Amino acid sequence: MYMSVLVKNALNTADLKPPYPYQTWIEYWEGKSGNKLDPTKLYKCPVGSCTNNGYREDFDGCHVQKAIDKDQKLYIVPLCSSCNHRTDYFFVDEALLVPAP
């Protein structure tokens with residue numbers, strides 16, 4: 001069942017590096033979620049209000065925080081580059097969130 005959750009992009013995460021053996025945050029998300037993105041397949045950005053489509057290379061593993069989470073845990077979720085730079089709150093499927101290390 002699809003359950004959306006309100007999130008926002010986390011601030012000051014550009015210098016954070018994924019743990020070994022992952023080279024990128026999208027690789028980390030794929031490894032931890034078990035969802036391997038096919039580089040030849042077109043995907044829709046998982047942000048509910050976004051209409052962007054792209055291939056795996058067009059998505060970033062983004063650090064987000066749940067809007068109602070008081071401890072401000074970080075999660076990784078694949079977003080299109082436009083949504084990776086949003087400053088507002090937006091909805092994504094909660095099942096896509098992978099806790100950041």
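Worth saying up front: this structure is predicted, and the values here are computed from it rather than measured.
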### Query
When you look at V64 and L74, which way does the side-chain contact (heavy atoms from CB on, under 4.5 Å) test go after all the steps?
CA-CA 6 Å; V64 297; L74 293 177; over 6 Å; no
### Message
Please give me the minimum heavy-atom distance between Y28 and P99, naming the atom from each residue.
### Response
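Heavy atoms of Y28 and P99 come nearest at OH-O, 3.0 Å.
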### Task
Over all heavy atoms of both residues, which pair between W29 and I76 is shortest? Give the atoms and the distance, please.
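Nearest heavy atoms, W29 then I76: CD1-O, 3.3 Å.
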### Query
Would Y55 and L37 show up in the same hydrophobic cluster when neighbours are defined by side-chain heavy atoms closer than 4.5 Å?
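No, Y55 and L37 fall in different hydrophobic clusters.
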Donor-acceptor contacts under 3.5 Å from residues 38-47 side chains, at least two apart:
residue: D38; atom: OD1; partner: T40; partner atom: N; Å: 2.8
residue: D38; atom: OD1; partner: T40; partner atom: OG1; Å: 2.7
residue: D38; atom: OD2; partner: T40; partner atom: OG1; Å: 3.4
residue: Y43; atom: OH; partner: D38; partner atom: N; Å: 2.7
residue: K44; atom: NZ; partner: C50; partner atom: O; Å: 2.6

### Task
Mind checking side-chain hydrogen bond (donor to acceptor under 3.5 Å, both in side chains) for S82 and listing every partner two or more places apart, or none if nothing turns up?
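Partners of S82 by the side-chain hydrogen bond (donor to acceptor under 3.5 Å, both in side chains) criterion come out as none, since no residue qualifies.
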### Message
Going by side-chain hydrogen bond (donor to acceptor under 3.5 Å, both in side chains), name the residues that satisfy it together with E30, two or more places apart in sequence or in a different chain.
### Response
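Per chain and number, E30 pairs via side-chain hydrogen bond (donor to acceptor under 3.5 Å, both in side chains) with R56.
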#### Entry: Pairwise side-chain contact, D60 with L79, heavy-atom cut-off 4.5 Å (strictly under)
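No. Closest side-chain heavy atoms not under 4.5 Å.
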### Query
Short question: side chain of E94, backbone of M3 - any donor-acceptor pair under 3.5 Å?
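A pair under 3.5 Å: no.
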### Task
State the CD-CG distance between Q65 and D71, to the nearest 0.5 angstrom.
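So the CD of Q65 and the CG of D71 are separated by 9.5 Å.
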### Task
Please collect all ring-ring contact (aromatic ring centres under 6.0 Å, His included) contacts where either partner lies in residues 59-81, sequence neighbours excluded, each pair once.
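Qualifying pairs, neighbours excluded: W25-H63.
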For residues 5-23, which side-chain donor-acceptor pairs fall under 3.5 Å, sequence neighbours excluded?
residue: N9; atom: ND2; partner: C83; partner atom: O; Å: 2.8
residue: N9; atom: ND2; partner: N84; partner atom: O; Å: 3.3
residue: N9; atom: ND2; partner: R86; partner atom: O; Å: 3.0

### Query
Partners of T24 by side chain to side chain contact (heavy atoms under 4.5 Å, CB included), sequence neighbours excluded?
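T24 satisfies side chain to side chain contact (heavy atoms under 4.5 Å, CB included) with I26, E27 only.
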